[in-house]
Amino acid sequence: WQRRVLHDEL
Amino acid sequence: MNIFRLFGDLSHLAAIIILLLKIWKSRSCAGISGKSQILFAIVFTTRYLDLLTSFISLYNTSMKMIYIGCSYATVYLIYAKFRATYDGNHDSFRVEFLIVPVGGLAVLINHDFSLLEILWTFSIYLESVAILPQLFMISKTGEAETITTHYLFCQGLYRALYLINWIWRFYFEGFFDMIAIVAGVVQTILYCDFFYLYVTKVLKGKKLSLPA
């Protein structure tokens, strides 16, 4: 589970 | 940004605008599930709270605002302006059966246990099933207007293009978001049956009607 809090998709 | 992602976004935008224009021009929301549209408004609201906390690009910000604005406009047209034409008796899907489990799952499986992140996760899970009241309504009435099927096709195409976008991003950027991918696969699968009917009936000029 990759932690990625900045979501760049819609 | 790759071409699949861009066309996915544009297909999503097309779906939203087709629905809005259909209701506006026909002055009627017959055959449209208000419940699905409320769910989509909740999806956009809970997902795009990051408009307040982070800036990604002008494209990103403007698309988010357009999606939110259009989804609220659609809900307004269905439940206020053209309420008399709303087919509430056939829009009988119990949305609490979606919202409650989806909320629980978002609390349990997320990238980070923070309010914004849980709401984002909730929106991803909810979007994957938000079309169910609409599909349920079509299965109850047994038919859908052709323009409604174009709306559904654009929604499904958007999902399919996003799947290709994720494959692309995995190969070329090493990026993947497991939550978005699993929810996106589920969402795309929900459209498969509809895609079949769309290709075999609507594209051949027939109205979408289900066998009794």
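These numbers were taken from a predicted model, which means no experiment stands behind them. Both backbone and side-chain heavy atoms feed into the values below; hydrogens, waters and symmetry mates do not.
Neither the backbone nor the side chain of B/Phe44 comes within contact range of chain A; no heavy atoms are under 4.5 Å apart.
Within 6.0 Å of the CZ atom in B/Arg27, the count of heavy atoms belonging to other residues, nucleotides or ligands exceeds 12. Counted within 6.0 Å of CZ on B/Phe195, heavy atoms from surrounding residues, nucleotides or ligands total more than 12; the atom is thus considered enclosed. Within a 6.0 Å sphere centred on CD1 of B/Ile3, other residues, nucleotides and ligands contribute 12 heavy atoms or fewer. Summarising the local packing, CZ of B/Phe170 is surrounded by 12 or fewer heavy atoms from other residues, nucleotides or ligands at distances under 6.0 Å. Enclosure of atom CE in B/Met1 by more than 12 non-hydrogen atoms of other residues, nucleotides or ligands within 6.0 angstrom is indicated.
Note: A/His7 NE2 to B/Thr121 OG1 = 6.5 Å, rounded to the nearest 0.5 Å.
A salt bridge is defined here as a Lys NZ or Arg NE, NH1 or NH2 lying under 4.0 Å from an Asp or Glu carboxylate O, and A/Glu9 with B/Arg47 fails to meet this definition.
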- Query: Between A/Leu10 and B/Lys64, is a side-chain contact (heavy atoms from CB on, under 4.5 Å) present by the stated rule, with each step listed?
  - Reply: CA-CA 7 Å; A/Leu10 297 168; B/Lys64 284 174 175 172; 3.6 Å; yes

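Put simply, the side chain of B/Asn60 gets close to the backbone of A/Asp8: a donor and an acceptor are under 3.5 Å apart.
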